[in-house]
Amino acid sequence: MSKFWWVNQGRSFARELDMGITWAPLLTEKGRKQHHWERMDLAQPGDVVMHYAEGQIRAISRVLVGSHPASNPHAGGEWIQSGRELKLSYDVLDVAVALERLPLELRRSHSGNGSPFDRYGSVNLGYFFDLADEIGVWIMDTVGLVAGPEDKLYDLPPHGEAQNHETVIVVGPDGEITVKTRAEHHQLKSLLFKGKKESDCALCGRTLPVSLLITAHIKQRAQCSKEERVDEHVVMVACALGCDALYEKGFVSVSSDGKLMAGPKDATAPALIEHLSKLAGRTVGDFGPHNAKYYAWHRAVHAKIGGF
């Protein structure tokens, strides 16, 4: 059974993310041990680590290699050189989880010695902590990383596909936690569907099971800035019955007043022309100032290149 851990990284987050590690000294400058450093020696391959920095849970990782000796990877000589590190597979969250989102009573009920939280629910000073299963599962569920019955799961990502896979957990009927990987599900999905079993396609308006709906980027993700990638309004609900593909390929777009339009890419097949005529003029679900710029980007790009 896998365990959850919590690491307070602060300024070291970016560097350790880049190297795929966490690192801590063996001893203080006065030769003393620190429980929040020594706890790293207990982490095992397959365990899950929550990465907290700047007031947010910013990434979730899977332990690949347990604690082993390593020299200080940080420049500047702020710490002594001898230390320990864990090798990790990081998944950076598109939408970081602010501490305030984690229920206060949940934090307070799991406070105390070895916990990331004090009795007031604030984060304890220190580096590496035990994290209660209840909190770990809550976080994973909140960011959409609890596996569903439709997911194809792997013990490790298929060869050469690590960048397109993410760490998920499977919670057994007895509460046992198993760590797997799956093909990337965009983490904005949980914000769109909010646990519902059915929802409406933003384009055609049909109410469908979530298994037939897609977390679709209004603006192509590869073209989004860092700030846009974490904007919950950059995605919409699009159905897998055709609307997602029609939008992605430019056969439909959204006007500046939120109406669905045929094109910019021209349709030539009679069946497609007939289908588009039924969609044209519909008001797009959840259209407004918060996402209009992303629909404008889509119109402009497809008008220029004629769809793709």
Side-chain angles (χ1 to χ4, degrees), residues 93-95 142-144 148-152 164 166 182-308:
L93 300 180
D94 286 317
V95 180
T142 297
V143 299
E150 76 282 359
D151 290 325
K152 187 174 183 180
N164 298 320
E166 61 191 0
R182 70 176 177 198
E184 183 181 14
H185 281 207
H186 203 284
Q187 291 155 2
L188 294 170
K189 177 179 179 180
S190 60
L191 293 175
L192 273 184
F193 297 115
K194 298 180 174 65
K196 294 183 290 187
K197 295 183 178 180
E198 294 183 343
S199 191
D200 299 337
C201 173
L203 302 180
C204 69
R206 287 177 287 190
T207 301
L208 296 166
V210 167
S211 60
L212 293 176
L213 296 170
I214 294 166
T215 305
H217 269 78
I218 301 170
K219 178 178 179 180
Q220 190 178 25
R221 186 175 188 272
Q223 302 301 318
C224 289
S225 67
K226 182 179 178 181
E227 292 74 21
E228 289 172 338
R229 289 188 182 189
V230 300
D231 182 0
E232 63 183 281
H233 303 303
V234 77
V235 291
M236 64 175 171
V237 177
C239 72
L241 303 184
C243 288
D244 177 59
L246 291 174
Y247 183 83
E248 181 184 351
K249 297 180 183 299
F251 285 110
V252 295
S253 58
V254 178
S255 68
S256 59
D257 61 352
K259 302 294 184 183
L260 201 59
M261 309 183 298
K265 187 169 185 177
D266 291 331
T268 56
L272 179 55
I273 294 172
E274 180 182 0
H275 181 66
L276 294 177
S277 69
K278 296 176 182 178
L279 293 176
R282 284 189 51 82
T283 298
V284 172
D286 194 37
F287 177 87
H290 55 285
N291 56 21
K293 65 178 181 179
Y294 299 129
Y295 286 113
W297 177 91
H298 177 270
R299 285 196 310 275
V301 166
H302 285 280
K304 181 178 180 180
I305 65 176
F308 57 83

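Hydrogens, waters and symmetry mates play no part in the numbers below; they use all other heavy atoms, side chains included. Quick caveat: nothing in here was measured; it's all calculated off a predicted structure.
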Distance col, row Ile218:CD1 vs Trp297:CH2, nearest 0.5 angstrom, shows 11.5 Å
Is there a side-chain contact between Thr215 and Val237 in this structure, where contact means two heavy atoms from C-beta onward sitting under 4.5 Å apart? no
Residue pairs meeting side-chain hydrogen bond (donor to acceptor under 3.5 Å, both in side chains), one or both in residues 231-247, sequence neighbours left out, come to Asp231-Tyr294
Would Leu192 and Val235 count as a side-chain contact (heavy atoms from CB on, under 4.5 Å) here? Give the steps. CA-CA 8 Å; Leu192 273 184; Val235 291; 3.9 Å; yes
Counting C-beta onward and ignoring hydrogens, is there a side-chain heavy-atom pair between Lys152 and Arg182 closer than 4.5 Å?
no
Rounding to 0.5 Å, atoms CG (Leu246) and OG (Ser253) come to a distance of 11.5 Å
| query | Are Val234 and Asn291 close enough, and set up right, to give a side-chain contact (heavy atoms from CB on, under 4.5 Å), and what steps lead you there? | reply | CA-CA 6 Å; Val234 77; Asn291 56 21; over 6 Å; no
Output for pair (Ile214 CD1, Leu208 CG), nearest 0.5 Å, gives 11.0 Å
What one should report as the nearest heavy-atom pair of Glu228 and Lys219 is OE1-NZ, 2.9 Å
Residues Cys224 and His217: closest non-hydrogen pair is SG-CD2, 4.5 Å
Here the pair of heavy atoms bringing Cys201 nearest to Ala238 is SG-CA, 3.9 Å
Between the SG atom in Cys239 and the CG atom in Leu212, the distance rounded to the nearest 0.5 Å is 8.5 Å
Output for pair (Tyr295 OH, Ser255 OG), nearest 0.5 Å, gives 11.0 Å
Residues 251-277 vs ring pair (Phe, Tyr, Trp, His ring centres under 6.0 Å), sequence neighbours excluded, gives none
Across all chains, not counting sequence neighbours, the side-chain contact (heavy atoms from CB on, under 4.5 Å) partners of Pro289 are none
Quick note, side-chain hydrogen bond (donor to acceptor under 3.5 Å, both in side chains) partners involving residues 198-207, not counting sequence neighbours, are Asp200-Thr207
The reported gap from SG in Cys243 to CG in Leu279 (rounded to nearest 0.5 angstrom) is 5.5 Å
Here the salt bridge (Lys or Arg N to Asp or Glu O under 4.0 Å) pairs for residues 285-299, sequence neighbours left out, are none
Lys259 meets the side-chain hydrogen bond (donor to acceptor under 3.5 Å, both in side chains) criterion, sequence neighbours left out, with Thr283
Residues Phe287 and Ser256: closest non-hydrogen pair is CZ-O, 3.5 Å
